[in-house]
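Each ligand, and each atom within it, is numbered from 1 in the order the structure gives.
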Amino acid sequence: MRFLKSIENQTLLAIVLAIFIGLSAPGLPPKIALIGDIFLRLLKMVIAPLIFASVYTSLAGLGNISRIKNIGLKTLAYYMATTSLAVITGLVFVNVFRPGANANFEKTTQQIAVKGLTITDLVKSLIPENPVKSLAQGDVLPTIFFAFVFGLATLSLNEKSRTNLFSFFEAVNDALIALIRWIIRLTPLGVFAIVSNIVAEKGITPILELSSYVITVVLALFFHAAVTLSLLLYLLTRENPWRYFFKIREAPMVAFSTASSSATLPISLEVAEEKAKIPKKIAGFVLPLGATVNMDGTALYEAVAAMFIANIYHVPLGLHEQILIFLTATLASIGAAGIPSAGLVTMTLVLQAVGLPLEGIGLILAVDRFLDMLRTSVNVWGDLVGCKIITKLS
Ligand code: ASP
């Protein structure tokens, strides 16, 4: 029974039970769906103010521009390097396993309306015309952008104004963290309700039907999380990856259940600071940014999915096209918001770049939620590994 004392273990048990109940008694989960909704809403409730307060306080708390530059550049270098490694892993696995190559699919794609995403959209979405509106709408990137420049501007103020402003937002941040600690107590219940409903709704038939594709994505994600990221963590910080994962495991579990890096952000921040003892100044900057920009799992998945669609449509993709996939999958993962299925939408960028039909997305829709849960866990693990590495290097 001691095992069940920690929230982390209760959450794990909740996930296992939820899968079991979802499959064996699919009539039950809809009756408790409200609990899952409440948990998700509570998490979402804190995201917008938390992103602003944590990015702002960590930047202003760093104290001078050269330290910000130092940490900022290392963070971006880490994001770019690991996302690239993730896409390469995806491409290697998909070339070895070749899912869909021998499939005789009659193209029974589900019809979906997709709108192409362009690079100009991506740039425009970064700078807010009205930061209050971005905050109110929960648009993460423009909010981070504003918090960033506002933090920089604060550093140029005189001592008195700077301290006043900083203390205010630091107190806001602390109050939000206290609130998150209350919300975390609901995790096992919330996770049980969410996961059991998804399993009851989707079942496992689509996963079995697209098994070669699903297996390729799962193995590649596992390799990236357990080998590449763990090795990087060990080599750069000498931290035992398993022990580190064990400390912060609540975050990937919530990511798995919610399929949303943004909804997981409050938990990631809490475990990074409380369990992994990452300094607030680093976690408060690396994690909010990572939740939208650094998505290793999504990048990897987009590359595999594009190649799978090409295989199904019998479109041969050579080195040149795969380099395009590499570039666009990286961009598309940066552009994806930290919400469920965001990767599916930004994948239009990848498909367009290599001339694949956008309806191809319809082929993989049925298993997207399951793969989204896994790739989001990898996204969040990547952010938390980054936190530790950047702490060590700074
Ligand atoms: N759901 C993912 C996340 O929040 C994004 C995606 O790949 O769809 O990290």
Enquirer: Go through ligand 1 atom by atom and flag the ones less than 4.0 Å from a non-hydrogen atom of Ala259.
Expert: 1 (N), 4 (O)
Enquirer: Of the side chain and backbone of Ile339, name the one, both, or neither that has a heavy atom under 4.0 Å from an atom of ligand 1.
Expert: backbone
Enquirer: Give the residue, atom name and distance (to 0.1 Å) of the protein heavy atom nearest atom 2 (C) of ligand 1.
Expert: Thr376 OG1, 3.3 Å
Enquirer: Does the N or O separation between Gly343 and ligand 1 drop below 3.5 Å for any pair?
Expert: yes
Enquirer: How does Ser341 reach ligand 1, if at all, at less than 4.0 Å between non-hydrogen atoms: by side chain, backbone, both, or neither?
Expert: backbone
Enquirer: What I want to check is whether the side chains of Asn164 and Ser161 have a donor and an acceptor closer together than 3.5 Å.
Expert: no
Enquirer: So Trp381 and Phe245, would you call those rings parallel, tilted or perpendicular, with 30° and 60° as cut-offs?
Expert: perpendicular
Enquirer: Test ring-ring contact (aromatic ring centres under 6.0 Å, His included) on Phe97 and Tyr213 and set out the steps.
Expert: CA-CA 9 Å; Phe97 287 90; Tyr213 163 64; over 10 Å; no
Enquirer: Check the side chains of Thr346 and Glu302 for a donor-acceptor pair under 3.5 angstrom, ignoring hydrogens and angles.
Expert: yes
Enquirer: Please determine whether any non-hydrogen atom of Ala336 lies less than 4.0 Å from an atom of ligand 1.
Expert: no
Enquirer: With heavy-atom distances below 4.0 Å as the criterion, list the atoms of ligand 1 near Thr298.
Expert: 5 (C), 6 (C), 7 (O)
Enquirer: Does a donor on one side chain and an acceptor on the other come within less than 3.5 Å for Asp368 and Tyr301?
Expert: yes
Enquirer: Please write down residue, atom name and distance for the protein heavy atom closest to atom 9 (O) of ligand 1.
Expert: Ser261 OG, 2.4 Å
Enquirer: Can you name the atoms of ligand 1, numbered from 1 with element, that are less than 4.0 Å from a heavy atom of Ser260?
Expert: 4 (O)
Enquirer: Within 45° of the ring axis of Phe246 and under 6.0 Å from its six-membered ring centre, is that where the NZ or CZ of Arg249 lies?
Expert: yes
Enquirer: Considering non-hydrogen atoms only, spot the tightest contact between Thr298 and Ala336 and give its length.
Expert: CG2-CB, 4.4 Å
Enquirer: Which protein non-hydrogen atom lies closest to atom 1 (N) of ligand 1, naming both residue and atom, and how far is it?
Expert: Asp372 OD1, 2.7 Å
